[in-house]
Amino acid sequence: MASRLESAPLPAPSTHARLRVLCEHAEPCGGCPIIGLSYGEQLSLKRGRVVQSVARYSALELLYTEPVIFADSITEYRTRAKLIVAPGGKIGLYAKGGGHQIVDIPNCQVLSPSLARVAALLRRIVGRDEARRGPLAPFDVIGTGALRAVDLREVRETLEGPSRVLLTLVLQRSRVADLAHLRAAAAELVSEEPLLAGVAANFHEGEAPQILGNETVVLRGATSAPDRVGDSTHLATFGSFVQAHREQAARVHRMLAAALLGGKPPGPPGGPRPRILDLYGGSGAIALSLAAAGAEVRLVESFAPAVAQAKAAAEMQQLPLEAECGDVAGTLRTLGQRGARFTAAVVNPPRRGMSPVARELLSRLDVESIAYVSCDPDTLARDLDHFTRLGFTTTHLRPLDMIPLTDEVETVAILRRSAVPRARVVYEDEEVLVVDKGPYEPTTPQGEYRGSLVVRVRKIPGAEEAVPVHRLDVGTSGLVLFVRRPELVARWSAAFASPTARKIYVVGVRGITPSKGAITRDLREDGVSHPARTRYRRLAVASGHSVLRVIPEQGRTHQIRRHLAAIGHAVLGDDRYGHAPTNRFFEERNGLDRTFMHCVRLECDHPATRLRLIIEAPLPGDLRAVLERAGGPGTLRFLDHKNALGTASSLPPPPDAHHEHGAPLDIHGVTDTGALPAVTDAVLAGDTAQLPALPIVVLPNDTGTLPAVIDPPDLPDDDDRNGGF
Ligand SMILES: C[S@@+](CC[C@H](N)C(=O)[O-])C[C@H]1O[C@@H](n2cnc3c(N)ncnc32)[C@H](O)[C@@H]1O
C-alpha cells in the first residue's frame, strides 16, 4: 500500500502559498468566504477543520491528518455553478450574512471561462426579457417573471479540446404556461452562444427550499454530453452531481485507484478483476475511472437519470460497470442476503454522511477495504468512529482542496478491515466494569446488528462472563455497568434499585424547556400502568433547543423519551416519539443521526466496599459536534460549569420547579426500536438552497418571553457540495 495517498509536492510551493485572489465582488458576495486569506492560510484552515473533527473521537486519536492537497488553479476553476437570477438582470449569488439579497457577479474570478461567457449572455437576455416580460424574465414574488436560477455545467470531451456548457433554466412552475416560448428562448440562446451544448428547463415547486425541482425537460440540444475527468469519461447530464474542480476530481480518482487497486495496470481482457462497489455513485465519475483502471464495478445511486448516464457511458467505452438505481441501505441489505463479495467499496455520500444502518450493512458485507470520500469532516469523523467499532480501522486521511477560496474541504479516508475493538473501560474492580457504549450498538445481541456491547466487553481479559446490570437503547450512548460473573447480578441490581442510586443523562430536546422541572406520568406497558417520574434541569440552549441534565427515577421502557415528548419537548433525533421535521433538520444541518441521549454519570453505593461510586463519561464526539454546529463553538462551555452533571443538591427538585402531571402514557409509534431501523436514507436527489441560520439564543435564567419551540425551516433534500454556488 502506498504510504501517501497522493504524490503532490507538499506543502504548496511558497509562491503558491502566498497567492491572494483579488475580486471586485469579494466584499458583498458570499461565494468565496475566505478569499481574503492567502492560499497557504486557506490550506491551513482547511486542514484545521479536519483535525478538529477527528480530535473529537478517542478511537481516532492515532489517526494522522495529512496536509491538504492543494489545487494548481484557484481561479477560473469552477466547472459547475448554480446562480440565482434576480430583478435588475442580476445573475449571481446570495450576499454574505445569510440574507436573501442577491449580488450580481459579472467579473467572478472562479467561474471557468466558458461558464462566465454563458452567464454574460444570460445577464443580457434576462435583462431584456424583464423589460418586455419575455419567458426568461426574472422571478419576483410580486411580478410575473418565472426564472429563479440557472445551473451551468461545463463539459469537455477531451482535456485538450474545447469546453461546452449544459444550461438548466430553473423556473417557477406556476408561472410557466407553456413550453413553446421556453423552447424558442432556448433556441435563441443556442444560436447566440455556440458553447451551449444543451438547454433544459427545471421546475421549481412553490416555496421549496431546493434550487432544483424534480422535473427536468430538455428544451434544445443534447440531453447529456461526454465529460472527461482525468483518465475517464462520464456522461454529464442536467442536474446530476459533479465535483466543482476538474483537476482535483481527477486527483481523487487517482488516489482511489492507487489505494484500492494498488496502481497496477488492468489485467488481460477476460481475466479476473478486482470487484469494487461504488456507493452514492452519481453518474459514475468515480466508477468509470476505476473500471478504466482495471476493476469490475457495481454502482448504486438513487437519482435515476444519473444511473442511466453511468450505464450509457460504460457501454460506450465498453467498461465493466453495472449500475443500479436504488437506495444505498436497501441495496446493501439485498447484497448481504445474496452473500455478494467485493474487493473494496467506495462511498461518496452527501454532506450528511452515511446513515447508521448503511454503515452497519456495509460492514457486514464481504469487503476488505473502504474508501470514503467526504465533503464534511464532521460527518466523516462520526462515521469513521462508528466504522472502528464495526471492525474497520482508518489508515489514511487525506484532505484535498476541491473548492478553493471557500472553507469547504474534501477528504479521502482509507479504511481496512480489522478486529472489532474491546469495549472502552471507564472503571473496573473485582466485581464490575463500567464501559462506554457507542451510540449505534445494542447492549446485548439484537435483531440484525452484527455486534453488541456485551460481545466487546467479553473480549476484555477477566470479563469473559460479564453480564450487563442495565441497558441502553440503540441510539443512546454512555455508561453501562457490567458484573464480571452472572451470580453478581442480583446484588448489583439491588444497588441500582436503591433510592440513592442515580443514572444521569445529558439529553438534547426540541425547543426551550422551563429551567427545571419534574414530569410525573404513569407509563403503561402491556396494559399495566407503572408510576414514573423524570426530573430535569436545563444546562444550555443552542439554536432554539435545550440541553438538559435528566434523572429518571425509575428505569421504565423509554421513560425519558416518553416523558419529554409528553411535555412537548421531544428528544432530538428520537425517531419514535420525536418530531420528524426537527430530527430531519438536525440530521441534515448538524449531523445528528441518532437519539440525543448520553448516560453521562452513574452513582450508587458499592455493595462490597460501601463506598460511593461516582463514574462519568464525557459527552461523545458526535454530540459535541452537533452542539457546536447548532450553537457555535462556545456552546459546550456548559460542560465546564461546576456541578453541570448534578450534585446531591439537585435531589429532590426544588419547590419552584415546574411539575408536570397527567394521564398515563402508552408506548406508541410504529418503529420497534429493538430492531435495526427501517432504511431511512431514502432517495435524495436535488440540491440545496441557502438556508437562513437558526438564531442562537443566549441561555436565559428562565424561559421569559422566548418561544418554547422554534420550528425548523424546511430543508432541502440533498447536499450542496459546491460551496456557496
Ligand atoms: C456527492 S454525490 C457523489 C457522486 C459521485 N460519486 C461522483 O463523484 O460524481 C452523492 C450522490 O449520492 C446520491 N444519494 C444520496 N442519498 C442516496 C441514497 N440513500 N442512496 C443512493 N444514492 C444516494 C445523490 O443522488 C448523489 O448523486
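Treat the numbers as computed from the prediction; the structure is a model and nothing was measured. In listed order, ligands and their atoms are each counted from 1.
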Atoms of ligand 1, numbered as shown, that sit under 4.0 Å from any heavy atom of Gly326: 20 (N), 21 (C)
Non-hydrogen atoms of Leu380 and Tyr372 that approach each other most closely: CD1-CD2, 3.4 Å
Residues Glu157, Arg228: salt bridge by 4.0 Å N-O rule: no
Numbered atoms of ligand 1 (with element) below 4.0 Å of Ile286, judged on heavy atoms: 6 (N), 8 (O)
Atom indices of ligand 1 within 4.0 angstrom of Asn348 heavy atoms, with elements: 1 (C), 2 (S), 3 (C), 4 (C), 5 (C), 6 (N), 7 (C), 8 (O), 10 (C)
Greater than 12 external heavy atoms within 6.0 Å of Asp231's CG: no
Ligand 1 N/O within reach of Asp327 N/O, cut-off under 3.5 Å: yes
Side chain, backbone, both or neither: Arg352 near ligand 1, heavy atoms under 4.0 Å: side chain
Other residues, nucleotides, ligands: >12 heavy atoms within 6.0 Å of Arg417 CZ: yes
Under-4.0 Å salt bridge between Arg333 and Glu448: yes
Proximal atoms of ligand 1 relative to Gly281 (non-hydrogen, under 4.0 Å): 4 (C), 5 (C), 6 (N)
Which atom of Arg389 lies closest to which atom of Tyr440, heavy atoms considered: NH2-CD1, 4.1 Å
Pick from Ser240, Gly284, Ser302: the one approaching atom 23 (C) of ligand 1 most closely through a non-hydrogen atom: Ser302
